[in-house]
Structure formats: structure tokens, C-alpha cells
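Before any comments, here is the structure.
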Number of protein chains: 2
Amino acid sequence: MPKIVDHAVRREEIAEALWRVVRRDGIRAASVRTVAAEAGWSAGAVRYYFPDQDGLLSFAMDLVSRRVTERVSGIEPKGSAIAIALRYLEEALPLDAERRAEFDVWMAFMAQAQAETGAGSLHEHVDTVHDGLRRLCESLLNSLADDGALKNGLDLRREAERLHALIDGLALHAAIQPERSTATRIRQILRHHLETLIA
Amino acid sequence: MPKIVDHAVRREEIAEALWRVVRRDGIRAASVRTVAAEAGWSAGAVRYYFPDQDGLLSFAMDLVSRRVTERVSGIEPKGSAIAIALRYLEEALPLDAERRAEFDVWMAFMAQAQAETGAGSLHEHVDTVHDGLRRLCESLLNSLADDGALKNGLDLRREAERLHALIDGLALHAAIQPERSTATRIRQILRHHLETLIA
DNA sequence: ACGAGACTAACACAGCTGTGCTAAAAAGGA
DNA sequence: TCCTTTTTAGCACAGCTGTGTTAGTCTCGT
């Protein structure tokens, strides 16, 4: 019987090599050969797992979103409702080196996805992540509302969208100007925003 | 004497062709030859104006920011302070097809700039635009404060950063999900945010 | 008309691109 | 040991890449 290699693990390994290339040299540099070199294999090896590079790109993009959702679903919701909300929302922000790298890659994918706008394209991954974060914002605000923690008369739908936009904006700022938009600064602003919603 | 062609105009013409390529097929497709074809000239013609493609990319990115600042500085600040603020901030948002295209291109440049992080790189353009928008947010809030329109006890520095992040987040949403995040929806949220700051 | 200056097109070159294909190596149950 | 299956490395090919160079064309003040 043949050598057993966990197909899924190898594919993730290769996708992570792609991430490193994208982050170091941009998506323009992410060819089959450069990714193979980064992963430490021959180009043929990479192509065994990914017959064409579109599939590799799509898988690598999907892996980002899976990693994020893994991390988010690993959070234990304990503490006050507002503490829980902060904990969840922070996880979506690139506040440490690892997540900053992840976000850089995600940004490159998003930009590419804006071009390939057809069906079955990268843009579906964008929509998935985008909708996921929006729903997270909605459910966190609903939890706060159920606890009676929120101000009266808030339009929750609108507040969810506003919070969602703020999160994405803060993420962008943390990524492109990490010296100015430090982790503590970002947390301050996020906490402050939630406090304006609280009774 | 030779044929007189406005050098600057031609360069902008070529840069706009690059924009169209980036928007249609992504930054990976923006080669000297594809841009030349899009512009309707030979590759040699493009290279007459841009000796190397790094210069072309950098110019095209800079042109985006110049166009934005042109539009912003063309605004006449009339009406109430809050109307002025809304008018300015809306101009930074991709609420119509033209500005959506512009934003897509800008996003591709930002992603690429995250990779080339050295001095003299694309990232300087990102910082310029980013700082410009932040200062705009600051000055708009300051104007509102001078009019006595704002609530008491606001930390203007923090509010400026929060507003800035919200703007960037809304811009992203308008770009990647224009069906959901329509122009009117975006305006609503922005207006609502400003109203929460007003006494 | 002329010719200097501004502009254009075309080719050359080495190197990279994605993809198809083939031969070999590795691995472990029989 | 052998043999099937999985995995790997390598080559080939046509086409694209950035850049250098060169020969040509156009334009317009004199």
C-alpha cells in the first residue's frame, strides 16, 4: 500500500506558503513555482495537490476564512455580555503579528476578487466572510439587547451595520498603520463605541 | 520643432488605462503590454512615458489620490456645519459607479503596498491618503465643535479616529456589496453616526 | 523645404508563466 | 520479496514578462 499523506494537511501547508509569498511580494508574485519554492517542494509536487493555480488561490483564500471562523468559534462566551462582545469582536481584528499577516493576505484576495466578479469566483469567499461578520455583529447586539444593556430606541439593524463597518475600518487601520493604530488604541475605540450604545 | 503633446495628460491617460485593466482583471494582469493595448497604443509608446513599470504603477496610484483630493477640494463649504461635514465625507465614499471603480483600484494598490513595505514604496501613497482623510475627519469635527453643535465631553481625537474608521469601513462595504450597502443606506448610517455626536 | 526635436513601433533577449506529460521513487500490505 | 498505489521530480511547450535597443515616422518653427 502506498505512502499515506494527509491530503488535507498538505494542501493547507501549500496554501500557507502561498500566504507568505503574497505577504512578502504581493499577489503578483504568487506563481506555482514561487509557492513551491517557498513550501520547499518542486513545482510538480504543488501541482499534484492543485492541478491549476486558480484552485490553489481559491483554496488559500477559503483557508483564511476557515481559520478565522475556527478561532472565533473557539471563544468561550463567559463574563458579562459586553465583555463577551468585546472578546468576539477583537478576534476579528488584526491586533497581533499573526493576524496582521492574515489580514494583509485577505486584503490582497479581496482586491483580486473585486476583479473576478463572476459566479464561482473568489468573490463568494468575500461574501461569506462579510456576511459572517455582519451576523456576528447582529447577534452580539441582540444578546446585549436581551440583557437589557442597550439604550432604548436603538435601531438594531442599523447599529449592527454601523458596528460592522467600524470593525472593518479599524481592521484596515490596524493593518496599514500599526504604529499609529496600536492594539490598545483600537481596543479603546471599540470599547468606547460599545459604551455609546449602552444605557 | 516637434509635435507638442502634453506629457502630463498622456501619462494620466495611460494610468487610467491601467486602472481599467486592474479593475477588470486584477493587478496581476497589469503588464506593460496589456495596459498599452487597453490604452490603444504600442508597448513602446507606453514605455516612452514610463521607462519602467514600477514608475507606471506608482504614478497610477498617486493619480488616484490626486483625483480624490481634487474632488474634495472642489467642494464649496456652504450650509450648516453638519451638512458640510456630510457633503465632505460622502465624497470619500464610493457611492457611484465611477468612485466604486476608483476604490476597487485603490484597494488593489493598498494590498500591493502592504507587501512592498520599504522606503520610497507604494506604501507612502497609502499613508498620504490615510493621513489626509484622518485630518479631514479631525477638522470637520473641530468645525462642529466650534459651532457648539457637538455634545459636551467628547474626546475629539478619539471621535475623529472612530469616524475615520467608520468611513473606511463604509467605503469597503459599499465597494464589496453594493447591492446590500446601497448609497442611501450608507448615507443613512453616516448621518446617524454624526447625529449621535450632536447635542 | 528642411531638419531638429518629439514621438512611435518593432524587434531581441533572457527569464518567467501555466499546464501537459512522463519517468521514477517511495511505501507498505501480500 | 514483490507489486500496486501514491507521491514526487523533471522536462517540454507555447506564450507572456520587463527591459534594452534601434530604426523609423511625424510635427512644426524656421
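Chain identifiers are assigned alphabetically (A, B, ...) following the order of the sequence lines, protein sequences preceding nucleic acid strands; residue numbering begins at 1 within each chain.
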Could you grab the distance from atom OG of Ser80(B) to atom CZ of Arg87(B), nearest 0.5 Å is fine?
13.0 Å
Over 60° means perpendicular and under 30° means parallel, so classify the ring planes of His173(B) and His130(A), tilted if in between.
perpendicular
Please work out if Ser42(B) contacts a base, only the sugar-phosphate, or nothing of the nucleic acid, heavy-atom cut-off 4.0 Å.
base
What integer distance in Å separates Phe50(A):CZ from dT8(D):C1'?
16 Å
Interatomic distance where CZ belongs to Arg10(B) and P belongs to dC26(D) [whole Å]
15 Å
Length of the line joining His7(B):NE2 and dG5(C):C1', which is rounded to integer Å
14 Å
Return the 5'-most residue of the pair Trp41(A), Asp52(B) with respect to DNA chain D, ranking by each residue's nearest nucleotide.
Trp41(A)
Spacing of Asp25(B) atom CG relative to dT17(C) atom P, expressed in whole Å
19 Å
Separation of dT19(C) atom C1' from Asp54(A) atom CG, nearest Å, is 12 Å
Using OP1 and OP2 only, check whether a side-chain N or O of Tyr48(B) sits under 4.0 Å from dT8(C).
no
Thinking salt bridges, do Glu12(A) and Arg66(A) make one under a 4.0 Å N-O criterion?
yes
Indicate the ring-plane relationship of Tyr48(B) and His7(B), choosing parallel, tilted or perpendicular according to the 30° and 60° boundaries.
tilted
Among dG18(C), dC7(C), dA9(D), the one nearest any side-chain atom of Tyr49(B) is dC7(C)
Output yes when at least one side-chain N/O atom of Ser31(B) is less than 4.0 Å from OP1 or OP2 of dC16(D), else no.
no
Specify the closest pair of heavy atoms between Glu90(B) and Leu190(B), including all atoms of both residues, with the distance to one decimal.
N-CD2, 4.4 Å
Quickly work out the Arg33(A) CZ to dA9(D) P distance and round it to whole Å.
15 Å
Tell me whether the side-chain N or O atoms of Arg47(B) pair up with the base of dG18(D) as donor and acceptor below 3.5 Å, since no angle test is needed here.
no
Nearest whole angstrom, please: distance from the P of dC16(C) to the CD of Gln53(B).
15 Å
Atom-pair distance (CD1 on Ile14(B); P on dC7(C)), nearest Å
11 Å
DNA chain D nearest-nucleotide lookup for Ala43(B) and Ala45(A): closer to the 5′ end is Ala45(A)
